[in-house]
Enquirer: 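After the structure tokens below, expect a handful of questions from me.
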Amino acid sequence: SNGSSISWPPEFHPGVPWKGLQNIDP
Amino acid sequence: QDPLTTTLAPASPQEQKQMLGEQLFPLIPAVHPTLTGKITGMLTDTDNSEPLCVLETPVSLASKADEAVTALQEKEAAQKAK
């Protein structure tokens, strides 16, 4: 699990496909 | 006759979020020079009506960005307390 490195809220980057909450490891 | 709404209509939900994020991102630094990606992410990750409202009304943008920053700060404080 990499939940400690990626946390809510997901960060938006222009030009990078947005995955929303899918970016977050539950 | 909102061009953005018209553009969003045929797009998939994920494409709609992407378009809204791309529109919001350059506006955020005007109200909060830091945390642009996070604030955009928070606003984008809500129901589409919210980022659409923010895009249409600058007053709403400042208000929502403030809410987002407050929520982030509370989350950071909670994490530090652990």
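Below, all heavy atoms of this structure are taken into account, side chains as well, without hydrogens, waters or symmetry copies. Within every chain, numbering begins at 1; the chains are lettered A, B, ... in the order of the sequence lines, protein sequences first and strands thereafter. Computed from a predicted model, the values in this text were never measured in an experiment.
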Enquirer: Which pair of heavy atoms, one from A:Phe12 and one from B:Phe25, lies closest together, and at what distance?
Expert: O-CE1, 3.5 Å

Enquirer: With a 4.5 Å heavy-atom cut-off, do B:Asp45 and A:Pro10 have their side chains touching?
Expert: yes

Enquirer: Between A:Glu11 (side chain) and B:Gly41 (backbone), is there a donor-acceptor pair under 3.5 Å?
Expert: no

Enquirer: Looking only at heavy atoms, which two atoms of B:Gln18 and A:Gly15 are closest? And how far apart?
Expert: NE2-N, 4.2 Å

Enquirer: Taking side chain as everything from C-beta outward and backbone as N, CA, C, O, which of these in B:Leu43 sits under 4.5 Å from a heavy atom of chain A? Side chain, backbone, both or neither.
Expert: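 Neither part.
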
